[in-house]
Amino acid sequence: MSKLEKSTIEKALTHLSGWALADDGLSITRVYKFGDFNAAFGFMTRVALMADKMDHHPEWFNVYNKVEMTLTTHDAGGVTQKDIDLATFCQTASGQ
Ligand SMILES: C[C@H](O)[C@H](O)[C@H]1CNC2=NC(N)=NC(=O)C2=N1
């Protein structure tokens with residue numbers, strides 16, 4: 001899968017609440033905050049199952065109710081449609 005153009009990524013991000021293109025242009029990022037650890041981990045579990053189905057895995061860091069996420073496609077060295085698709089799933093799975 002090939003890297004998306006910056007303008008294509010920016011257009012896709014207009015539909016993705018809270019997601020931003022990283023300064024280096026190589027990934028998209030978002031910090032999710034939930035009510036507690038249970039809600040955060042429920043979200044991570046839903047995303048993990050989908051990520052494995054997609055064979056596309058997030059970089060993430062969790063502390064209690066906070067989940068920091070970075071999506072990039074290692075094989076392509078940048079942002080592809082797979083990252084947009086996974087971020088779209090995160091939006092549904094988080095309810096945010
Ligand atoms: C072999 C396997 O299909 C690849 O390593 C997959 C796994 N998950 C992946 N996840 C992400 N984010 N980027 C990849 O390039 C990627 N590649």
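One-based numbering, in listed order, for ligands and for the atoms of each. Remember, it's a predicted structure, so these values are computed and weren't measured experimentally.
A distance-only check finds no donor-acceptor pair linking the side chain of Thr80 to the backbone of Thr73 [under 3.5 Å]. Not one N or O on the side chain of Gln91 forms a donor-acceptor pair closer than 3.5 Å with the backbone of Gly18. Of the possible donor and acceptor atoms, one in the side chain of Asn62 sits under 3.5 Å from a partner among the backbone N and O of Lys66. Under a 3.5 Å cut-off, the side chain of Arg30 and the backbone N or O of Ser17 do form a donor-acceptor pair. For Thr8 (side chain) and Leu4 (main-chain N/O), no donor-acceptor pair under 3.5 Å exists by modelled atom type.
For ligand 1, the atoms closer than 4.0 angstrom to any heavy atom of Thr73 are 13 (N), 15 (O).
For atom 13 (N) of ligand 1, a protein non-hydrogen atom is found at a distance below 4.0 Å. Proximity of atom 1 (C) of ligand 1 to the protein is not indicated, since no non-hydrogen protein atom lies closer than 4.0 angstrom.
Between Asp83 and ligand 1, not a single N/O pair is under 3.5 Å apart.
For Thr72, every heavy-atom contact with ligand 1 shorter than 4.0 Å involves the backbone, none the side chain.
Counting only heavy atoms of the protein, atom 3 (O) of ligand 1 lies nearest to Asp55 OD2, 2.4 Å. Of all protein heavy atoms, the one closest to atom 17 (N) of ligand 1 is Asp75 OD2, 3.5 Å. Here the heavy atom of the protein found nearest to atom 10 (N) of ligand 1 is His57 N, 3.0 Å.
For the side chain to side chain contact (heavy atoms under 4.5 Å, CB included) test with Met69, the passing option among Pro58, Ser27, Ser94 is Pro58; the others fail.
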